[in-house]
Each structure stands twice: as C-alpha cells, then as structure tokens.
Protein chains: 6
Amino acid sequence: MPGAQKVSENLSAQIIHDEPFFRAVADEIEIFAAAYAGRLPVMLKGPTGCGKTRFVEHMAWRLKRPLVTVAAHEDLAAADLAGRFLLAPEGTVWHDGPLTAAVRMGAICYLDEIVEARQDTTVVIHPLTDARRSLPLDKKGELVEAHPDFQLTISYNPGYQSAVKDLKESTKQRFVAIEFSYPEPSIEAEIVMREAGVEAPIASGLVDVALRSRNLRGQGLAEGASTRMLIHAAKLLRGGAPLSAALRSAILLPITDEPDLREALGAAIAASLPNGLSLQ
Amino acid sequence: MPGAQKVSENLSAQIIHDEPFFRAVADEIEIFAAAYAGRLPVMLKGPTGCGKTRFVEHMAWRLKRPLVTVAAHEDLAAADLAGRFLLAPEGTVWHDGPLTAAVRMGAICYLDEIVEARQDTTVVIHPLTDARRSLPLDKKGELVEAHPDFQLTISYNPGYQSAVKDLKESTKQRFVAIEFSYPEPSIEAEIVMREAGVEAPIASGLVDVALRSRNLRGQGLAEGASTRMLIHAAKLLRGGAPLSAALRSAILLPITDEPDLREALGAAIAASLPNGLSLQ
Amino acid sequence: MPGAQKVSENLSAQIIHDEPFFRAVADEIEIFAAAYAGRLPVMLKGPTGCGKTRFVEHMAWRLKRPLVTVAAHEDLAAADLAGRFLLAPEGTVWHDGPLTAAVRMGAICYLDEIVEARQDTTVVIHPLTDARRSLPLDKKGELVEAHPDFQLTISYNPGYQSAVKDLKESTKQRFVAIEFSYPEPSIEAEIVMREAGVEAPIASGLVDVALRSRNLRGQGLAEGASTRMLIHAAKLLRGGAPLSAALRSAILLPITDEPDLREALGAAIAASLPNGLSLQ
Amino acid sequence: MPGAQKVSENLSAQIIHDEPFFRAVADEIEIFAAAYAGRLPVMLKGPTGCGKTRFVEHMAWRLKRPLVTVAAHEDLAAADLAGRFLLAPEGTVWHDGPLTAAVRMGAICYLDEIVEARQDTTVVIHPLTDARRSLPLDKKGELVEAHPDFQLTISYNPGYQSAVKDLKESTKQRFVAIEFSYPEPSIEAEIVMREAGVEAPIASGLVDVALRSRNLRGQGLAEGASTRMLIHAAKLLRGGAPLSAALRSAILLPITDEPDLREALGAAIAASLPNGLSLQ
Amino acid sequence: MPGAQKVSENLSAQIIHDEPFFRAVADEIEIFAAAYAGRLPVMLKGPTGCGKTRFVEHMAWRLKRPLVTVAAHEDLAAADLAGRFLLAPEGTVWHDGPLTAAVRMGAICYLDEIVEARQDTTVVIHPLTDARRSLPLDKKGELVEAHPDFQLTISYNPGYQSAVKDLKESTKQRFVAIEFSYPEPSIEAEIVMREAGVEAPIASGLVDVALRSRNLRGQGLAEGASTRMLIHAAKLLRGGAPLSAALRSAILLPITDEPDLREALGAAIAASLPNGLSLQ
Amino acid sequence: MPGAQKVSENLSAQIIHDEPFFRAVADEIEIFAAAYAGRLPVMLKGPTGCGKTRFVEHMAWRLKRPLVTVAAHEDLAAADLAGRFLLAPEGTVWHDGPLTAAVRMGAICYLDEIVEARQDTTVVIHPLTDARRSLPLDKKGELVEAHPDFQLTISYNPGYQSAVKDLKESTKQRFVAIEFSYPEPSIEAEIVMREAGVEAPIASGLVDVALRSRNLRGQGLAEGASTRMLIHAAKLLRGGAPLSAALRSAILLPITDEPDLREALGAAIAASLPNGLSLQ
C-alpha cells in the first residue's frame, strides 16, 4: 500500500503519508469527519469488497492519525486487544495489545468484522464508547484514559449475521453508522483503471459484467461480483490471461459452486462479451 | 468524564470529585441511599442507554465512595474478579482482582450486565450479599471480610435474558432492585442540551423523534431511540452534519437492518422533521 | 457475622465463638447431631433464603467444630477443593484446598449447592462418605485419612435441578437428608425483628406479605418472598424508605419480570397494606 | 476401614492387613480368583451401594495384593491415571499416576465407574488387558511392562449409562464380568448388624423396609433402598434419632423428590413399622 | 508377549525377536508384504478381537522392523504423535513423539482405531502417505523425511463409525486396505488351544458356542463372541471356574445388558452345552 | 519426492531443484503464472487425489520459489501459522510460524484444505490477500510486510464442505480460482506408468477401471477411483500381488463399506478384467 510505514519495529500502527485513492459515493467523508469531531465511535456497514478498509485508510490520512487495524475472528479474545502478561527473565511483564496501544497514542483503531469476535471483546470496548472514554485493564489493575485524538471504528456486514452471532443491542446503540454500497459505474471503472493499471474500455467492460452479475442477487446468489473481483480480472488480463479465463478465475469460480447458479452467472457474463466467448 | 481520577497508578478505582450530572426520574436516589445505609446489595434494572452507569457514578460521588466498575462478559471468570497468582522472580505472587480491591478499600463495586458472566462469577459474590459480608479467596486460602463501607451494585436488563442465560433465583433474591426507564421529555431534553452542548429547540426536536420511535416498540422494534442516541445525533449536528444525515447515522441505521422496520421508522422520524426531509 | 473469626491469616476456616441466632422449625438439630455422632454425611434440602447456611453455622458452634464453606458453581473443579501444585522458587509446592484442609483439621465442610459443580467435584467426595473416610490426592500421590471429627455437609435445592444437571443416584444415596422450609409465622417474625432491628408490628406485617406471596406459588411464581427478602424490606424501612417503595424494591421487583405475575403479586401485597398503597 | 494402611507417605495404595467383612452372595469370589489366576481383567456390574468396593477390598486382602482405587469422573484424563511431568527446580520431572504405580508394583487397580471418564482414559488401559500387558507412557516415551501380579478391575453400572456415554464394544469385550445384586435378607441383616452395631431385630426390621421399597422399582423408582441406606438408618438410631425420623432422613428423602413417589414410598415404609408411625 | 523387548529405556518401540503366533485366514500376509515393498500405507479393517494387533506384530517380526503402537482416542492430538516442547533447566527442549520416533528410525507405526483421534491427528499423517513421505514438525520448524524402511499402518472398524466421526475421503483414499474376519472353526480352535493352553475338545466346544452367538448378529446383537472371549472362557476354565460360570462371565455378561437379548444369547449358548446347563 | 530439499535444518520450506512431473490438463499453468505476475492469491478447487499438491510443487519449481506447505485441520489455530512465544532461558522468545517464514522469505505458501482450520486462521490471511500484503503479528506487535515474491495458494474441495463449515464469502472473494479434474485417459495412463513404474498395457487397464468406477458417481458413490488409487494398485502389482487382490485392496475396499455399493463397484471393476476374475 503506498505511504504506509510502521511507527516502530514493535508496533502494528500505520502512519499513512500519501493519500490512499478513494472515490466517495455519498456523504461518507463528511459524516465520518463530524463523528470524529465529536469523538463518536463509528460503525461501517456494507458488503464485502466495496472499499470499507480503504475508506478507513483514507480517513486516517485525511485526519492525520495513525491507524491500527485488527481483523476480528471467533477466537479473538479481549486479551488479544487489551494486552497480556508475558514471562520475561525478571518475571511477568505487561505488553499492551493493539487496542491499548491505539488508546494511548490517539490512533484510529479499526476493528474489522467485530461481530466475529468473542463476546468479551465486544464488551471491553464499551467504556471507550461513552462519556468515560477509558479502557480498564482489569488484569493489570490500570484504568487507561483515552488520548483526546483516539477514535474507534468497527465494520459490520448485516447480511452475514446469524441469530446466534450478532452484536448486542447495547453494543450497536453505542455507534454512529455509515452505510456503504458499490459505487456508480463510472466511478467503479475509474477505480478499476487506477488499481489494476488497465485502459478505460477494459475497465468499463468489466464493470458491465459486474452489473449483470449483481442483477442475479436474490435469485440464489448471495452477492454479485465485487469491485475487488473486477480488479482481480483486470490484473489477470494484464498478466497475459485470455479474457474468458480471467473472468472465469476471478469472478465465476469464486462466487458459487452450485451448478445451476454457475450456469446462469456464466451466461449473464458471456452475454456481455464482445465475441460470444464461453466461460465454461 | 469530569472529576474522575485514578486512586493510584495501579488501581482501576475512581474517586469522583465533581458531581456527575444526573437527573432523577423517580425515587431512585432515596432507595439507593436507604439500601446503602443497610449495606444491602442493589440491582439496577432497565433498558440500554437510559443512564444506569451515570447513576452509579452519581451515587458514588454523593456517598463519597470510590467506584470500581467491571463490565461482565461471557468469558469473565471468578478469578478475573477475585484475583490470581502471577509468576514473579520470587515465585507466584497474589494479585487482588477489582472485586477484592473494592472489598478491602470499602468502594462501591459495580458489575455491569452481570448475567453475561460465567456462573462461577455470580456465585463468588454470594457471601458478600448476606450476613457474612465476606469474600473467600479459595485459591489463596484467605477469607476477606468486607470493609464496613463496601457496597455491591449490579445491572440487569430483563428484556435481554434468554432461558439459557439468566440469573439464578438464589442470586436474584439477594438484591434490592431499582427499576429505570427513559426520563420525562422535558428532563430528557435538558440532558441532551447538557451532554451535547446544543440549544433547547434542537434538543426538544430530537426528544420528539425519540418518542415517535419508542411508539414503534412492540411492532417489531426491540427498543426505540435511547437518550444516548439523541446525544449522538446532537453531536453530529454540532460537528457539521445535516439534520437528515445526523438522524440517519445516529438513530435509523443503528436500530435496525430489517427493510420494513427501517422504512416504518424512517417515516416516523421524517414526520417530525420541520421541512419534510427524507432519511433514505 | 457475630463471633466468626479466621483460624489463621492463611485459612478460610471459621471458628464460631458466639451462638449464631437460629430458630429451629422441626427436629433438624437432633437429626444433624445424630448424623454427626455416626459421622454420616448430611444433605440439606430446601428453598433459597430459608436459613440453611445459618443452620450449618449454628451446628458448627453447637458441636464446637471449625466451619469451612465452599459455594459451588459450574466451573468448580476437583482441584479447587482438593488442592493443587503452585510454582514457587524451589519448584512446584502443594497447597491444600479447602476440603483437604477441613479433612485434616476435623472441621465441618459445607459445600453449598454442590450440584452446580463439575462432576469430578462430586466424585472426589465419594471416599469421604463411606467406610473409607479418606480423600485420595491423586496428583500428589497421597491418601489423606479424615480426622475423626471431620464431617461433610452439602446443600441441594431439588426444585432447581434440571434433567441435565442433577446429582447422580450413587452420590445422593451416600447422604442422610434433612428438609427445610420457611418457619412458622411467629418464628419468622421473630427472625425479622432480630436480624433487621425492627419492631414486632412491622415484622408481623412483613410476614403477612410473605404468606400472601407464597400462596401464588404454582400459579406461575417459582417461589414466594423468602425470609431474606423480608429482612431486606425491613432494613430499607429502617434506612428511611417509604413502605411501598421498600416492598417494591425488596420483594416485588426481584421476584419476577413477567408483567402478569408482577401485577398479581403487586395486588396480593397491596391487599395487605394498611392504607391501600399501590406498589406500581 | 480396619486394617488399611498406606504403603508409604507418598503413595495412594492400600495394603489391607485385616480381613474386610464381606458376605458372598453367589460364586463371585471363585470367579474373581479364577480370573486372577489367568490375569484376566474383571468388570463388576451392579447397582449402587451393594458392596462392589468392599468386595474388591476383600479380594485384595484374600490375594495379598496392594489395592489402588481411582473413582472415575467425566474430567478424568489419561494423564491422571498414567502420570505427568511436573515442574521442579531441576526442570520437568515425571510423576507416576496411580495406574502406573499399580502396574509397576503388581497391585490390583480398581477403576470405579470407569464409564464416567474421558475416552482417552478407557483407551489407555487397552494394552493392559490383552497379551501385551503393558502400559505405554507416550509422553515419557516408556513402555511399562506390567508386574506379573498386576490385575485390573473396573466397575460398571449398566442401568446408568446413556446412549452418549457407554463403554465401547472394543473395551467391554476385554473384560470378564461378574454381576452383583443385593444379598439375601438374612445376609443383609447380618451386614447391617455388623456395620452399624445394632441388634438383630432392628436390622431385620430395616431389611424388611428395604424389601418393600425395592418392590416399587419399575413403578417410577430408579432404585429401592440400598444396603448402605439401611446402615445409615441404623446409625441414626444409634445416635438417638427416633425411628420415623431415621427412616425419613436415611431412606425416604435421599431416594426421591417427586411428591407422588415419595408418598407411595412413605406408605410402603410406614406399613412395615410396628406402631403405624408416619414418615411425613 | 513372547519376544517383545524395548529398544531402550526411553523408547516405546518394540523389537520382536520371536515369531508371534498368527494363523493367516486369506492372503493378508502377501498383500501387506506387497504394500510394504511399495512403501504404501495400509489400513486394517475388521471387528474387535479378531487379531489385527497380533497381525501387525507378526508382520513386524516377519519384516524385521521395530513396531511402534499408538491407541487412538478422542483426545489424541497431533502433538501427542509428533512431539512437543518440554520445559527443562536450559529452556524448552523438543521431545519426539512416537510417530516422529518411528519415522526417524524406520519402524512400522501402527495407529489403532485412528478414527477416534482428533482431526489434526489424521491430517498430520497425510504427507507421510504420498510421494512426499515426510513429516512437518510445524512447531519445531523441521521437515522430517521418512527413513526408507518406515511404514504406516492404521486400523479402522467400519461398523463403529457414526456420521459425525468418520475418516475423511481424502484420508481413506491414501491407504491400501486389508479386510479381516474371524478365522475358520478349525483355525480358531487351534488359536484357542494355543493361547489359553486347553485341550482340543474344550477349544472346539467353545468355537461352537461362538458360532451360535455370531448367528444372532443382526437380530439385535452388534457382534457375537470374539476369538478373544473364547480365550477368556478357556482361561477361566483352567483357573478352576465351572463351565457355565466361565461362559457367563467371559461371553454372556460382556456382550449385552439388554434382558431379551441376554436371554436369547443364553439359550443359544446353553443349547451347545453337553449337559443342559443354564447360564442364568 | 525428487529434487526436494530443506532450506535449512530449522525450516520447513522446500527448494525444488528438479522438475516435478506434472501433466497439464487445461490452462492451469498459464492462469497460475498470470496470477503470480499480479501477486494475486490463488485457490485450487478439485477432488481428492487429482494432483493439486503436485501442481503447486511444479509451479514452485517453474517460478523458482521456495515452497511452504501446511495441511490445515480443525485444530489449526492462527498461532500455528503466524508464530508464538516460546520459553527460553532468557525469557520468552518469538518463533515465526510457517506462514510468517514464507511471508518474510518470499516463498509460495500452500495452505491445503484451509476450510478445515479454525476461523482465526482464515482471518489472519486477509491482510495478505489485498493491497496491504502484510501480516500483523498482534501478539508480537509487529506488522510484517510481505516480500515482493511472496504468493499465497490455498486448496478447497467444494464437494466436502457442509453448511456449518465453509469459507466465508469475504474470504472466497479474495482469491482467483483454478478448477481441477482428473486428466484425459492417455495422460492419466502416462502418469501411472511414470509414478509406479509399470508398462503401458497395465496402466491403460487400470485407467479403464477408474473410468468405470467414476461412472458410478451420483449413484451413491461420493467419488470414483482417483489417480492416486491407480498408482497404488500398480505398485501392489509390482510388489507381487495378483491383479484381483491389488484392485480390491487399492480401490474397492478404500472407496466404500456399504455392501450394495461395494457389490456394484466390484462388478463394474470385474467387467474390465481380462479373464473374468472376481474381486470378492
């Protein structure tokens, strides 16, 4: 990623020097800035591969704040965020986790897909999201008050949550929410050109493929082709793959293994090809 | 939070010097004071974001007691409250947990959403809630008798508990209960003005939005807009966000992802806007 | 608790010097004494808050034995009772758990709500409950023979056990059982007067409330007001709370959150109030 | 237990010097002796409290072998039987578990209710039950060949096992089985006299009570009164308890909490009382 | 076991000097030898107690290879096979597990009932079963290439596997399979004579009993009497037990606890007795 | 495996000097090369035993990159890939896991059957699959940026995944996919000749058997005979096993234990034998 550097050898925070490319779709930049002005925690909602991670990188650059990113998963425990005691020659020594580090230095802490984490992880952020703005390190017996510039951002994909795994109401209500979707065709083509280094006609053709695939949502497909998949296809083309093979490997095969859906999606994609190529 | 300071570098207790802002709705302050006079443990019941945490801070200030707060979660074990042995150069050394610290110093210990914790956590507080007023540290082989000023307070949201996760009868009966709900409109507007720094007409308008959303409870919504959400919207307005965007980000999007409910809630909120703005 | 002192700084056993107040309901004192004469293990059955813990304290005082109390919970493991190796500068060192300590010193060991514990915990007590009267410390490779004065007592609330969590037949049969229920009204009023320091008319009125609430058992209520709840209400009155608020906080709110039951219970309680006060 | 002594301070094996009282019901002593002659592993089947543990003690005395007893439970792991490395000043040091100790010294190892243990525990005994007669200590990298006098005995109560928790066929087939039931009335009365120190008429009356209770098996009762319960009742009588209280505490209350069953059982017991006493 | 010796004090491998008695039923010896010539992994299928373990011992003797046997169970983890770091005075030190030891020395490694193990255990053997013939020790960062003489053998009883616990297709396909069943009557009698030291008529009579019991398979019995059970019965006879008691303890009681099945099986066995003896 | 060597004593990476034999079926080599040119992560889809592992080895040789292979299983945790702290005399010391080692050195990291792993494992690779190309080591507090030559490849068998165990959409979309199936008969025969060292007629006959077995897919068989099974059969033939025994042990017995399916498969295989041999 251009402009990203580590703060120190021993820290997973990024300081982003160069503007990460981001094309706004609506008022997402203004809302985030207003939330940051009031130090309100933010929740980003939206489908996979639509640019949420890039947006946070862009806002960190724009607000001149370090960025600490943690990808949540079902074994992520509170101690993975807050820190833990490790054994050293002189006895046990405390090591700050990435959240504690962000709280102390005044970074933006981005917890990606927080709903995947264990519940103790979601509860540990509660005191950081209200007037207290503090992080209790119970095991260390310390109450860390947040740096004035600290900000907490999480992502949340409503379509993925099941009844057994969802954020608690008492957690959701603590966040201001911003909703994301795929960009306008012309903007999306511009993004593909920029990210994969291909010409405008190729990018436009790929966006056309994406729109056709997204029309199949609700007919069995969970999601259509994402902007990320278009960039993959464009890069395969640049690497020398023929068009049909690039679309098959980057879009058709990753989206579904169900034979009927794959046939329908293949037909939809093939209809947009200039010369009647088949993907099968 | 104004007036909160750590007792020492190594302690998660707060001493609250300045009066935390709290507007009483009913006789909650008197009941808590009477319970404290008899050193009875207290259970606070009520919905998310209605001010339970602030109430405990207020009472700690009023009773001139340090406050130790622990947010419970499903991995919170008894040892996280009581303490544990840690490895040091001279062998294993005992470290008091936050509950033990509060018991020794005579603090108010506030266990937030205790029902989320593991059962050993709820059982460890039993001897502190009856005539014994003691905390056995089985692993250390010590019976800590509570400081005369120690008081135990827990919160409990009845609407959230499922059949598999509820407080045992033998635990519930050990507490005196105080019930909370949202304040009267005029009081709630005063709170929003005070917390977000906005003018009275804006605060009143936001409370009006909240009342409309709360009317939808029972029609599919688990809860309406909380006082906390109103403060969020007011802060977004102060940060420069337009009214419709502030309401959408602070209230509409966090409350529900269900399309029908979102439409109904959006219509209810829009009906209260001065100029027919839409939230979508 | 009057008369309770720790045996030593490092021991969770109590030696009870002053007679703990206990009013016998039936022949429970005689049966316990006969069981102790034969060194038979005892199981106390009965509802929450009816005085089982106090009874064991009374018997320990009467029999002049130290008392070791352990509140069981679902994470209580055999090692929590028997003991474990801890790391010290000279290597691992064995530390007796509370049960082992009681076995060696000849104390009464009271395991409260044993059914909550993990199964290894219930099995570890088997050799203490038959002719062997010994406790094998497998991890230490020691067979501890019980002090001649050692006695084991457990509590068990049949109404709470589910099919998945019950004592094994082979455990139940090892104990002599004593059944507890709430005391006669006059005795219960005497207990309330004594424990909360209120006058006879107030105590009698509260017992009257309790009787009305207990009549609702079987109509949806798991239990009525316990003796402990009456003491709580009396203490709130002494602390300055008005009567209706004391009854609401000490009895009505802790017992149930179900609206219909709460209304029925509130009406039953209000009917016993001198001046038609409402609890809502 | 008469005649039982520890082999050493650091060993949970018993050497039984005096003959433990045991009255054979059928050919159990001969079968066990024949199995021991062929060094075949033995499984004891039968209800709770009928004397299986005492039988093993008797056979250990008769065969002049030390006895190592382990009560299995659902957290009993292979390492609890085989042994484990413990941390000592000179590094990790291996400590034999009770099974390994029995294998080396040629003791009888009695695993009580083995089906309760974790599966790794049942598998670890396989090589001890066939021609190999060896115990692999995988973690230590040692293959311990059994002492020629070593014998393995387990107990198993078929009535208690559920579908999810039963011995594997490949485990059951490795054992020779002996079935136990309650002794003949005259023998059972003799046992009660001997164990509790009461006169013959009292013992006979108690056995009469037991027979009546066992007739209720299959009408809702899992089991009737065991020999152990009769001994308890006799000891309570010796300790000064009246007859009806002794029967209630030792038999009626421990067997069932179901009101209908308790009433039927109480009536059956009362019918055998000399003077129409009630147990309620 | 005749001829079995440990390679060293600290190793669980056997070198088998004397031929273990084994009577081949079909071409199992030739197939195993051909598989070993191609270093193909082998899976032994067949019921309990039919001689699979003895066959592997025989082949290890025949091929002059050391034998390492591991009995799998549901808590067997990859580290139990591969090895782990242990704490020593000079820090953590790696200890090879039994599989790694076998891989290095060129032994036959026999994993008994592998399907019982945790999945990581089955995956860890994959690279040993294809052209790679290597064992990655991820935690140690070492790739151990197998000794040219190393061979992997597993056992698998298809009748026992449930839907939730079965070998993955991608594991099964990696093995060449050999199927086992009980031997012909004359061979089985010879085995019983040899293993238990009884005369031919007794052995033949016991085999006759086994055949009758195996005819009941499919009528409720999971399996009939195994060869092992016949050897048990013969040994009890040698130890002095009467015929009916020997058959009851060695065959009838271990096979089933279901009353109807036990009666049917008892009748089938009794029909083969010379003098109309009953087993009940 | 020809040409495979360890990079160092302490590293599980292979440098492949000699070309691993691989016969391409379609454009898989070109697509992988194009993906590698754009440093896109690759997912290999296809049935067991069709040559996915060999393909990755071939591409590593072709692209002159070291290869790190990890076989995933349900207990594989993120720390097994990323690394962990180990205790050494000077305190805890960090050890890179195989993924971190591959990221630093610029190897191809092949995660076989990634869907089997714990979810934290799949999430830890996310930042390596987008523009970030970095691996955060949260416990060490280090953000490792990938070597420019690093490439990530995973395998995924769609037919095996259940509803509860499948890759998340947000993971699948991050990979370019290549689909594998069994090769053309002439190519498959060439592979068998080459791998097992048998003559052409034998290899062709075995491929004929495989084709017949694969025709039974969908009639109850999950899969037909794989190329690996043909190589097994050919090796058994070379080791001296007769044809029918080789086919039975290498193909018939491993594929199914269901009697009807086994009979149908046996008949299909027997039909292709030159002389009407039976497999039973």
Side-chain angles (χ1 to χ4, degrees), chain B residues 26-27 30-43 45 77-79 85 87-92 118-127 129-134 136-145 156 158-159 161 166 168-179, chain C residues 1 4 6 9-14 47-49 53-54 69-76 80-81 84 86-90 93 95-98 101 112-113 116 157 160 195-196 222-223 225-226 228-229 232-242 245-246 248-250 252-255 257:
Chain B
D27 56 359
E30 290 72 26
I31 298 287
F32 194 101
Y36 184 74
R39 296 302 184 265
L40 297 177
V42 173
M43 173 192 291
K45 290 183 168 185
F85 284 101
L87 191 60
E90 68 275 20
T92 48
R118 288 180 11 186
Q119 273 215 8
D120 59 338
T121 310
T122 20
V123 166
V124 87
I125 62 177
H126 277 198
T129 58
D130 56 28
R132 291 174 286 177
R133 279 183 64 85
S134 61
L137 304 176
D138 289 342
K139 288 187 181 152
K140 186 161 181 273
E142 180 184 350
L143 186 75
V144 184
E145 292 187 45
Y156 175 74
Q161 314 324 324
D166 198 358
K168 298 196 297 180
E169 286 295 319
S170 62
T171 301
K172 279 188 199 170
Q173 294 208 2
R174 292 167 174 276
F175 289 85
V176 162
I178 302 175
E179 212 164 32
Chain C
M1 193 183 52
K6 284 173 293 172
E9 275 303 300
N10 194 29
L11 188 58
S12 53
Q14 299 172 312
T48 300
T53 296
R54 182 63 62 91
T69 300
V70 179
H73 51 78
E74 66 183 14
D75 298 306
L76 188 83
D80 295 321
L81 289 183
R84 51 169 53 90
L86 292 178
L87 191 60
E90 68 275 20
V93 175
H95 285 246
D96 279 347
D112 195 12
E113 299 204 43
E116 299 286 342
N157 188 332
Y160 286 175
E195 295 284 330
E223 301 201 9
S226 64
R228 171 182 287 137
M229 284 177 166
H232 282 185
K235 282 187 174 176
L236 284 181
L237 291 172
R238 280 203 64 193
R248 192 182 65 221
S249 281
L252 184 65
L253 295 180
I255 285 188
D257 296 307

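- Proximity of B:Met43 to C:Pro254: side-chain heavy atoms (C-beta onward) are nowhere separated by under 4.5 Å.
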Would you tabulate the side-chain donor-acceptor contacts of residues 233-242 of chain C under 3.5 Å, counting partners in other chains and residues two or more places apart, or write 'none'?
{"from": "C:Arg238", "atom 1": "NH1", "to": "C:Ala196", "atom 2": "O", "distance (Å)": "3.3"}

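- Residue B:Arg39: no heavy atom, backbone or side chain, is found under 4.5 Å from chain C.
- If you measure heavy-atom distances from B:Leu40 to chain C, the contacts under 4.5 Å come from the side chain alone.
- Between C:Asp96 and C:Arg84 there is no salt bridge, since no side-chain nitrogen of the basic residue lies less than 4.0 Å from a carboxylate oxygen of the acidic one.
- Judged purely by distance below 3.5 Å, without hydrogens or angles, the side chains of B:Ser134 and B:Glu145 never pair a donor atom with an acceptor atom.
- Residue contact with chain C, scored on non-hydrogen atoms closer than 4.5 Å, involves the backbone and the side chain of B:Glu179 alike.
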